[in-house]
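The block underneath contains the structure these notes are about, expressed in structure tokens.
Numbers for residues simply follow the sequence, beginning at 1. Only this structure's heavy atoms are used, side chains among them; waters, hydrogens and symmetry mates stay out.
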Amino acid sequence: MEPRWAESGRDGPGDDGQWGHQPPSSLFLQLPSNATLRFRGPVAKAWGAALDQEEPPGFPPDQDGGEAREQESVPLKQLPLCMVEKRRLRIQEQQAAKKWSHWERWRVEMRHLREQVGGALLYAQVWRDSLHRIEGHFGTGIQSYFNFLRFLVVLNLGGALLMVGFVVAPNAAFEALQLNQTQRLENSMVNSSCLEYDPSKRGLVSYFTYLMDLLSGTGFMELTYLFYGYYQNSAVDFVGFSYNIPLAYLLSTLAFFSVCLFWIVRRAVHLLKRSLVSENGALNTYSNKVFAGWDFCLTPGTMVHLKHNSLRYELRMDLEEQSLRWRMAQRSPSQRAALYVLRGVLNLLVVVLLGAAFYCIYLATKYAQQSQDSDQGQQGVFVRLLVAYLPSIVITVANQLVPLAFGFIVRLERYPLSLEIKLTLFRSVFLRLSSLLVLLFSLWIQITCHGDPDASSCQICRYNHQQHPCWETSVGQEMYKLLIFDLVVVLVVMLLVEFPRKLLVTHGPAIMGRLWGQQEFLVPPNVLDLVYGQTVCWVGAAFSPLLPLLNTLKYILIFYLKKLTLFSNCRPADRTFRASSSNFFFLLVLLLGLAIAWVPLLYSVFALQPSQACGPFRGEPTMWSTLLAAIDALPRVAREFLQFVGSLAFAVPLFLLLCILMFYLMVLANSYSRLVKELKGQLQLEGRDKVFLVTQITELS
């Protein structure tokens with residue numbers, strides 16, 4: 001920031017009462033920023049020398065306003081200038097437009113067109129009015145949850161359109177038109193017992209059996225487009241065009257995961273830039289809350305009062321945290337050793353809780369699979385449904401109860417408040433995502449006979465065909481049940497917990513309202529529920545092509561349910577979660593869930609033997625073999641090019657080039673960090689300059 005004399009012009013006071021070209025030398029030399037120039041290196045000296053030579057910030061009078069606007073590429077309405085200055089720039093731009101060439105005019109018109117299209121798309125955003133209403137009543141922190149939910153709806157909708165457009169719809173159209181389907185030749189060496197797969201039930205089937213199949217994904221549901229096993233290993237010839245169903249299935253799945261990865265990374269990078277700018281606490285820990293912490297979108301008086309309380313709570317927590325850090329620095333070595341021992345014991349207890357939860361998930365999965373394969377003729381419908389959903393129930397109970405224990409344990413560890421929140425969130429994220437890995441590991445043990453293809457159950461088909469004749473459908477069924485049960489839990493919690501609590505607090509005894517209090521809308525746990533559900537969708541998308549569509553419908557329903565319970569039952573949490581940092585944190589956790597979903601996908605594509613009795617990859621050694629066979633059928637030039645791209649001759653130079661690029665970006669980031677550090681120091685000195693000038697003015701007055 002330049003001094004006041006720099007903003008008001010370079011002409012100083014002379015004989016005519018105006019300033020000269022230099023500020024008052026005695027006052028300028030007394031400024032802290034000028035007094036420390038010799039200690040801050042040549043860059044700062046150059047800045048001080050350029051202080052008298054450069055023009056003030058903004059658009060200089062002799063520069064063409066239109067060219068400056070073109071260089072900045074910032075709309076005029078977004079510039080931090082007064083209306084008089086904006087009118088002057090608009091006039092300059094209109095005068096300069098008469099001298100532009102056709103190319104420059106075309107560029108300006110295209111820029112205006114992009115601005116208009118962007119404005120139109122802004123008004124066409126999904127749930128725009130609802131998000132503005134939520135922001136006005138509860139602030140930007142809770143609105144960030146619904147923004148994240150809207151992002152997941154759009155992400156799943158894009159994936160659903162991809163899977164439906166290239167996998168489900170072509171298969172349905174080919175069956176409806178009864179087109180010629182060329183079946184791929186099956187391996188004659190395959191044992192006939194590996195080809196036995198008939199999930200349809202014989203004889204008279206009751207209504208409750210159909211309901212059981214609908215909720216668990218078994219029976220007639222296995223013979224629908226929902227699951228992997230229904231799709232054929234064939235190619236359809238239509239008007240001289242051949243549509244390879246297995247190849248379309250594989251490429252659509254990989255494209256869905258790749259689009260999700262690109263979309264999340266792009267959005268995360270954008271939000272990271274905003275969070276780095278707005279969440280720097282090195283200089284403005286308290287000033288940002290005092291001078292820029294107010295949310296001007298709040299309209300109701302109740303929410304304004306809650307925002308006041310929230311800001312007071314944040315300031316109190318900051319002071320308490322600073323006091324705690326001071327007390328930590330005053331601890332003796334024996335006290336620190338005792339605290340470290342206590343933390344070690346508590347972390348061991350956390351590990352025991354995680355191990356117990358994972359072991360319960362493993363036992364529940366094992367028992368459910370064995371019970372479904374045994375004779376259940378004497379079991380009732382409810383018992384069968386309970387056994388089918390047993391892994392989902394255990395996972396949900398663990399995800400709800402274990403984080404409560406984490407919250408109690410972290411208070412005993414005596415960490416600062418900010419570290420308490422981060423540590424609890426990290427443990428909860430690890431629990432939720434690891435529970436899915438434990439479920440997949442349990443299924444992998446049953447499918448591959450503990451990874452031993454020479455075991456008695458896996459020796460014939462290279463997988464356990466007796467327990468899982470179509471193992472891909474089995475994995476898809478587990479993810480389908482997790483998705484259904486997750487939605488059921490949301491409904492049950494809202495109807496049986498949140499609404500009764502609201503009635504008790506509002507119309508019950510006064511002591512009940514004081515002890516229990518109104519329901520808080522906690523953003524981090526709700527976001528973790530969304531990330532968990534999205535990870536379930538990704539894991540099952542390769543084995544249930546319609547799962548992204550079902551997840552889209554589920555999140556749309558959750559949006560309206562959460563909005564209803566927010567306005568009817570909840571209030572903002574005391575511990576606020578700042579939107580600028582939380583949005584990036586949400587996407588970082590979501591990216592971790594996507595990385596976990598890539599593991600079973602890549603293992604199934606490259607390493608695991610596909611089912612011989614069902615699915616589009618029957619008869620193939622791996623799913624990836626379908627792509628290799630399709631490449632071999634291409635013309636020689638295209639085949640050699642793709643083989644070269646997949647060879648070491650291309651991979652090694654590409655790896656070296658990426659390493660060089662990464663090293664360059666690291667050096668560039670390091671230089672930027674040093675520049676940012678120097679600018680932070682300059683900002684501190686500018687603050688001291690202001691204090692010094694205020695002091696001088698006070699003394700003179």
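- When atom types are taken as modelled, the side chain of K554 and the backbone of L487 share no donor-acceptor pair closer than 3.5 angstrom.
- Classification of the F227-Y480 ring pair by plane angle, with boundaries at 30° and 60°, yields perpendicular.
- Of the possible donor and acceptor atoms, none in the side chain of N670 sits under 3.5 Å from a partner among the backbone N and O of M666.
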How far apart are the C-alpha atoms of Y243 and F174, what are their side-chain angles, what is the distance that settles it, and do they pass the ring pair (Phe, Tyr, Trp, His ring centres under 6.0 Å) test?
-> CA-CA 10 Å; Y243 193 85; F174 296 153; 5.6 Å; yes

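- If you take SG on C461 and NE2 on H468, they are separated by 13.5 Å, rounding to the nearest 0.5 Å.
- Looking at every heavy atom in both residues, E222 comes nearest to P199 through OE1-CB, 3.5 Å.
- Heavy atoms from other residues, nucleotides or ligands lying under 6.0 Å from CZ of F655 number 12 at most.
- The two atoms that bring V402 and A357 nearest to each other are CG2-CB, 4.4 Å, heavy atoms only.
- Atoms CG and CG, on L431 and L354 in that order, are 6.0 Å from each other to the nearest 0.5 Å.
- Looking at Y463, its side chain never comes within 3.5 Å of a backbone N or O of L608 through a donor-acceptor pair.
- Side-chain N or O atoms of W471 include none that pairs as donor or acceptor with a backbone N or O of T448 at under 3.5 Å.
- Distance CG/L634 to CD/E640: 11.5 Å, rounded to 0.5 Å.
- Between the side chain of D486 and the main chain of L482, no donor-acceptor pair closer than 3.5 Å is present.
- Using cut-offs of 30° and 60° on the angle between ring planes, the pair W127 and F559 is parallel.
- Taken to the nearest 0.5 Å, the CD atom of Q534 stands 10.5 Å off from the CG atom of L149.
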Checking side chain to side chain contact (heavy atoms under 4.5 Å, CB included) for the pair L627/L247: CA distance, chi angles, key distance, verdict?
-> CA-CA 6 Å; L627 182 60; L247 183 63; 3.6 Å; yes

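- To the nearest 0.5 Å, atoms OG1 (T552) and CG (L157) are separated by 5.5 Å.
- Side-chain N/O atoms of Y231 and E472 include no donor and acceptor closer than 3.5 Å.
- Looking only at side-chain heavy atoms (C-beta outward), L254 and L601 come within less than 4.5 Å of each other.
- The two residues P621 and P610 make their nearest non-hydrogen contact at O-CD, 3.3 Å.
- Looking at T622, its side chain never comes within 3.5 Å of a backbone N or O of A607 through a donor-acceptor pair.
- Annotation: side chain of L546 is not in contact with side chain of M163 (no heavy-atom distance under 4.5 Å).
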Check the pair V475 / E478 against side chain to side chain contact (heavy atoms under 4.5 Å, CB included), numbers first and verdict last.
-> CA-CA 5 Å; V475 176; E478 292 298 330; 5.8 Å; no

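- In this structure, T218 and K481 have side chains that are not in contact, with every pair of non-hydrogen atoms separated by 4.5 Å or more.
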Step by step, work out the side chain to side chain contact (heavy atoms under 4.5 Å, CB included) result for L363 and Y367.
-> CA-CA 6 Å; L363 292 180; Y367 176 77; over 6 Å; no

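- For the pair I395 and S435, the tightest heavy-atom approach, listed with the atom from each and the gap, is CG2-OG, 3.8 Å.
- The shortest non-hydrogen separation linking L587 to I264 is O-CG2, 4.0 Å.
- Closest of all the heavy-atom pairs between C260 and W538 is SG-NE1, 3.5 Å.
- The environment of CZ in R266 is sparse: at most 12 heavy-atom neighbours from other residues, nucleotides or ligands sit within 6.0 Å.
- Heavy atoms from other residues, nucleotides or ligands lying under 6.0 Å from CZ of F220 number more than 12.
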For side chain to side chain contact (heavy atoms under 4.5 Å, CB included), just list the numbers for Y230 and T473, CA-CA rounded to whole Å, side-chain angles, deciding distance to a tenth of an Å, and then say yes or no.
-> CA-CA 9 Å; Y230 183 71; T473 297; over 6 Å; no

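- The backbone N or O of V167 lies less than 3.5 Å from no partner atom in the side chain of S252, so there is not a single donor-acceptor pair.
- With a 6.0 Å radius and a threshold of 12 heavy atoms from other residues, nucleotides or ligands, F441 has its CZ atom at or below the threshold.
- S474 has its side chain out of reach of L443: every pair of non-hydrogen atoms, C-beta onward, lies at least 4.5 Å apart.
- Within a 6.0 Å sphere centred on CG of L665, heavy atoms belonging to other residues, nucleotides or ligands number more than 12.
- Counting only heavy atoms from C-beta outward, the side chains of F151 and L530 never approach each other to under 4.5 Å.
- With rounding to the nearest 0.5 Å, the separation of CD1 in I631 from CZ in R639 is 10.5 Å.
- In this structure, E620 contributes its side chain and T626 its backbone to no donor-acceptor pair below 3.5 Å.
- Residues L550 and I484 have side chains not in contact (no heavy-atom distance under 4.5 Å, counting atoms from C-beta outward).
- By the 6.0 Å contact criterion, OH on Y603 is enclosed, its count of non-hydrogen atoms from other residues, nucleotides or ligands being greater than 12.
- In this structure the side chain of F543 reaches within 4.5 angstrom of the side chain of S604, judged on heavy atoms.
- Put simply, the residue from Y228, Y225, F166 that forms a ring-ring contact (aromatic ring centres under 6.0 Å, His included) with Y249 is Y228.
- Side-chain contact check for V429 versus L592: some heavy-atom pair is nearer than 4.5 Å.
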